[in-house]
Protein chains: 2
Amino acid sequence: MNIGAAAELTSLPAKTIRYYEEIDLINPARGDNGYRHYNEQDVNLLRFVQRARSLGFSIEQCRNLLSLYSDKDRASADVKKLAEHKISEIDQKIEELQSLRTTLKNLADQCHGDHRPDCPILDGLAENNS
Amino acid sequence: MNIGAAAELTSLPAKTIRYYEEIDLINPARGDNGYRHYNEQDVNLLRFVQRARSLGFSIEQCRNLLSLYSDKDRASADVKKLAEHKISEIDQKIEELQSLRTTLKNLADQCHGDHRPDCPILDGLAENNS
DNA sequence: GCTTGACCTTCCTGTTGGTGGAAGGAATAG
DNA sequence: CTATTCCTTCCACCAACAGGAAGGTCAAGC
């Protein structure tokens, strides 16, 4: 099938699929007319990447997962390690965001939010300490 | 003071400070030798941006905040609105990360994590549904 | 006066993960 | 035969800087 159909099936933009080929992630066959030709396996791999990306794996991690995926002799421990590493990354990110939210909320709560020009948020941002 | 001293005082890399000038965010004076010269006010603005950035505001939002900051007639409501928008952005991001974490954790928990070649994580990624 | 080293300048490239668009060839429908 | 759609490549751009090369400047020490 052509790139358009593959895009449809994977919910990936054609541009992105071409990009994945450019960075040597998923290489389809080519027809005589130069068109990319995707088979079922290609589409599966694309979907695999699409899912992994949406779970927050970077392209390089996807490349890693793909090679583990096609390597029949790999240990599932390798994959589990990658997933757990990712989970702790996510945990850290969540914590950062929560502390950030707290700070911002404190500032916003102190702001009376009317048309008076003094604003604790800006004052908070402008303060020398913290 | 020169850029190095300003960098020291604001905990921003000199590279970043130059970049902020390039994008017309904070424009210092220049000495006869072409060196950038930062006064107290410049340093305050840089610190302001540094703090806003660390709270997750984008450069464009910082530009907005800066203009509100120097506009004596602005209503604090404008600023509060920006802050609250940011908070809801953060909330959404946190939710996404949490759902992502759940999915990933489920997959990882099903993985026995030894050297057997079957791996629920990869299988989960390769599945056609969800 | 000279050298050394730290600091400054601009310019160019690369990062991550794509997106947008132009120019032109190929397939298909009427 | 033409119109439209799909495909191709290539080039540029986004955030928000970081790294490094090549060269100018300044202050200290001898």
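We name chains A, B, ... by the order of the sequence lines, and we start the count at 1 in each one.
With sequence neighbours left out, the side chain to side chain donor-acceptor pair (under 3.5 Å) criterion links Arg101(B) to Asp91(A). Glu22(A) meets the side-chain contact (heavy atoms from CB on, under 4.5 Å) test with Tyr19(A); sequence neighbours excluded. Judged as a salt bridge (charged side-chain N to carboxylate O under 4.0 Å, His left out), and not counting sequence neighbours, the contacts of Lys86(A) are Glu89(A). Gln92(B) is linked by a side chain to side chain donor-acceptor pair (under 3.5 Å) to nothing, counting only residues two or more places apart in sequence or in another chain. For Asp109(B), the side chain to side chain donor-acceptor pair (under 3.5 Å) partners two or more places apart in sequence, or in a different chain, are Lys105(B). A search for side-chain contact (heavy atoms from CB on, under 4.5 Å) contacts involving Thr103(B) returns Leu55(A), not counting sequence neighbours.
Side-chain N/O atoms of Thr16(A) include none lying less than 4.0 angstrom from OP1 or OP2 on dG17(C).
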N/O donor to acceptor pairs below 3.5 angstrom from side-chain atoms of residues 1-14 of chain B, sequence neighbours left out:
residue  : atom : partner  : partner atom : Å
Thr10(B) : OG1  : Ala6(B)  : O            : 2.8
Thr10(B) : OG1  : Ala7(B)  : O            : 3.4
Thr10(B) : OG1  : Leu12(B) : N            : 3.3

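Rounded to a whole Å, the CD1 atom of Ile23(B) is 12 Å from the P atom of dA18(D). In this structure, the CG atom of Asp32(B) is 12 Å from the P atom of dT25(D), given to the nearest Å.
For the ring pair (Phe, Tyr, Trp, His ring centres under 6.0 Å) condition, the pairs that include at least one residue of residues 68-98 of chain B, sequence neighbours left out, are Phe48(B)-Tyr69(B). Screening residues 28-39 of chain A for side chain to side chain donor-acceptor pair (under 3.5 Å) gives Glu21(A)-Arg30(A), Glu21(A)-Arg36(A) as the qualifying pairs, with residues at least two apart or on separate chains.
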Tabulate atom names and distances for all N/O pairs under 3.5 angstrom spanning the protein and nucleotides 7-10 of chain C.
residue : atom : partner  : partner atom : Å
dC8(C)  : OP1  : Gly4(B)  : N            : 2.7
dT9(C)  : OP1  : Arg36(B) : N            : 2.7
dT9(C)  : OP1  : Arg36(B) : NH1          : 2.9
dT9(C)  : OP2  : Arg18(B) : NE           : 3.1
dT9(C)  : OP2  : Arg18(B) : NH2          : 3.2
dT9(C)  : OP2  : Arg36(B) : NH1          : 3.2
dT9(C)  : O5'  : Arg36(B) : NH1          : 3.3
dT10(C) : OP1  : Arg30(B) : NH1          : 3.1
dT10(C) : OP1  : Arg30(B) : NH2          : 3.2
dT10(C) : OP2  : Arg36(B) : NH1          : 3.0
dT10(C) : OP2  : Arg36(B) : NH2          : 2.6

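Near DNA chain C, meaning a heavy atom under 4.0 Å away, there are no residues from residues 88-99 of chain A. Contacts between residues 54-62 of chain A and DNA chain C, counted as heavy-atom distances below 4.0 Å, involve Ser58(A), Ile59(A).
At a threshold of 4.5 Å between non-hydrogen side-chain atoms, the residues Arg63(A) and Ile23(A) count as touching.
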